[in-house]
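Working notes for the structure below.
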2 protein chains.
Amino acid sequence: MTEKQDKILSSALELFANEGFNATSTNQIAKKAGVSEGLIFKHFKNKKGLLDALYVQVEGKLGAGFTQIIFETDPKKVLKITIESPFMIPHEDYDFWRLQFKLKWESDYYNPEKMQPLIDKLAWAFEELNYETPEMEAKLLEQMIETIMVAILRQGKESQLAYKDFLLKKYEL
Amino acid sequence: MTEKQDKILSSALELFANEGFNATSTNQIAKKAGVSEGLIFKHFKNKKGLLDALYVQVEGKLGAGFTQIIFETDPKKVLKITIESPFMIPHEDYDFWRLQFKLKWESDYYNPEKMQPLIDKLAWAFEELNYETPEMEAKLLEQMIETIMVAILRQGKESQLAYKDFLLKKYEL
DNA sequence: TATATTTGTAAGTGATTACTCACTTTTTAT
DNA sequence: ATAAAAAGTGAGTAATCACTTACAAATATA
C-alpha cells in the first residue's frame, strides 16, 4: 500500500463516514487526498472498490476487538470487558465505526452474523454464572452494547458513562 | 393535500426508505408517482423539501405511537405496552420507520430529544414500581426497544419474538 | 545503462443530476 | 359565464457524476 493509496482510503473513510457513500463524489475524495481523480480508479477500479477496501479494514478492526474477549477465561471478566469495550474505542477510530453502523443500512453490506463470536462467548459466560436463559441474556447484552456504541459515536463517551456503571452493577461486576 | 401530492410523497418515502435519499433521483420519484418531474418542484420546492415533508409525517407517527403509553395510569401496563409496541407496528408503516432510523444518521434530522416523553413516562413507571434508579432503567428499556425495532425492520417480527417474552418475564409482567 | 512496469496526471467522455421555464389544463371564486 | 389561480406538463438547462484515455514521470528489473 503506497502513501497515496493510503491517503485516498483515509480520505474516503472520513467522507463516507460523515457524509455518506452516495453523497460523496470521487472528485471530493481526490481533492481531499491531494491526488488526481484518475488515480482512484487506477488503484480501486471504481467507487464501490473504495468501499470494499474500507469494509475489509472495518471487519479487521471488529475481529481484533473480539480477540481479547474470546480468549478471556473468567466469565465475569468477559462481561466486564464487553461492557467497557465501547468506552475503550480511541477517538481516531470513530470514523471507522460510524461507517460500520451506516453500512448496516446499506443492504449489500449488512451481515448480522459478524457479531456471532461475541454472542457465543457471552452466552458461555452467562451459562457459567448460572443465568436461566444464557443465549437470550447474551443477545440482549450484545444489543445493548451496540446501542451504547451508536450513542457514543453520536453524542460522545461522557453521555453514556452512567450506563457503564449501571450495567456493571446490574451484572454484579 | 391533493391526490398527486400524496402520490409523490408516498413514492418518495418508499424510495428514500429503501434506496436512500441521495441514491434516489427526482426522476425515479416522478415515474413511480406517475407525474411529471416538474410537479415535484412545484409542490415541494426542491428535493430536500420532499424529505422535510416526510419528516413531519414521521414525527407525527412517533407522537401518535406515544399517546397510548402516555395516558396509561398503571405502571406495569406502561412497561408492557412499551415492550409490545415494536411488534404492533403494521407492515405498511415499515417504510416510515426505516426512514426514521436512516435519518438518525443524517445530522440535520437527528434529534435525541424526540424520545423524551416516552423516557419520562417509563421513569415514572419504574419509580412507581420501586426500582432503585428509575431514570436509568427507563433509558435502558427505551434503548432496548429501539434496538428491537431496528432488528424487526431488518429481520422481521418473528426474529425478535423471543425477546418480547424474555423482557416481559424480566420485568415480571 | 536500457527497458519494462508501475505510479501518476490532466483533459476529456457520455450519462445523469436537480431544477427551471414556457406553456396548457383544471379548478375555484365572483 | 368569466377571470384568476392553482395544478400539471415536458422539453430544456448547466452542473456534476463516475469513469476513461492518452501520455509523462518515477521506479524496478535486467
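Every chain is numbered from 1 and lettered A, B, ... according to where its sequence line falls, protein lines coming before strand lines. Because only heavy atoms are used, hydrogens play no part in the values below, and waters and symmetry mates are left out as well, while side chains stay in.
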Please report the distance, rounded to the nearest Å, between [atom1] in [X] and [atom2] in [N].
X	N	atom1	atom2	result
Leu15(B)	dA18(C)	CG	P	12 Å
Lys7(A)	dG8(C)	NZ	C1'	16 Å
Glu3(B)	dT27(C)	CD	P	11 Å
Leu39(B)	dA18(C)	CG	C1'	15 Å
Phe41(A)	dT9(C)	CZ	P	14 Å
Asn22(A)	dT17(C)	CG	C1'	13 Å
Leu50(B)	dC19(C)	CG	P	10 Å

> Rounded to the nearest 0.5 Å, how far apart are OG of Ser25(A) and CD of Glu37(A)?
Replying inline: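 Rounded to the nearest 0.5 Å, the OG-CD separation comes to 7.0 Å.
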>> If you assign each of Lys45(A) and Ser36(B) to its closest nucleotide in DNA chain D, which residue comes earlier from the 5' end?
In response: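 It is Ser36(B) whose nearest nucleotide is closer to the 5' end.
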> Cation-pi between Lys47(B) and Phe21(B): NZ/CZ under 6.0 Å from ring centre and within 45° of the ring axis?
Replying inline: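 Lys47(B) over Phe21(B) ring: yes.
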> For Thr26(A), which contact category applies under a 4.0 Å heavy-atom criterion: base, sugar-phosphate, or nothing?
Replying inline: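 The answer is base, as Thr26(A) lies within the cut-off (heavy atoms under 4.0 Å) of a base atom.
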> For Asp52(B) and Tyr109(B), does a side-chain donor sit closer than 3.5 Å to a side-chain acceptor?
Replying inline: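 A donor-acceptor contact under 3.5 Å links the two side chains.
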>> Checking side-chain polar atoms at under 3.5 Å, does Glu14(B) have a donor or acceptor matched by the opposite partner on Asn18(B)?
In response: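 Asn18(B) and Glu14(B) do not have a side-chain donor-acceptor pair below 3.5 Å.
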> salt bridge (Lys or Arg N to Asp or Glu O under 4.0 Å): which pairs involve residues 143-170 of chain A, sequence neighbours left out?
Replying inline: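 Residue pairs passing salt bridge (Lys or Arg N to Asp or Glu O under 4.0 Å), neighbours aside: Lys104(A)-Glu146(A), Lys169(A)-Glu132(B), Lys170(A)-Glu137(B).
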>> At less than 4.0 Å, is any side-chain N or O atom of His43(A) found next to OP1 or OP2 of dG8(C)? Yes or no.
In response: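 The answer is yes; a side-chain N or O of His43(A) sits under 4.0 Å from OP1 or OP2.
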>> Is the distance from the ring center of Tyr163(A) to that of Phe87(A) below 6.0 Å?
In response: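 Not under 6.0 Å, so no.
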> Quick one: side-chain contact (heavy atoms from CB on, under 4.5 Å) partners of Ala17(B), sequence neighbours excluded?
Replying inline: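 Partners of Ala17(B) under the side-chain contact (heavy atoms from CB on, under 4.5 Å) test: Asp95(B), Arg98(B), Leu99(B).
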>> Quick check: on DNA chain C, is the nucleotide nearest Lys42(B) upstream (toward 5') of the one nearest Lys47(B), or the reverse? Name the residue that is more 5'.
In response: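 Final value for this comparison: Lys47(B).
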>> Of all nucleotides in DNA chain D that come within under 4.0 Å of a heavy atom of chain B, which is furthest toward the 5' end and which toward the 3' end?
In response: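 Span of nucleotides near chain B: dG8(D) to dG10(D).
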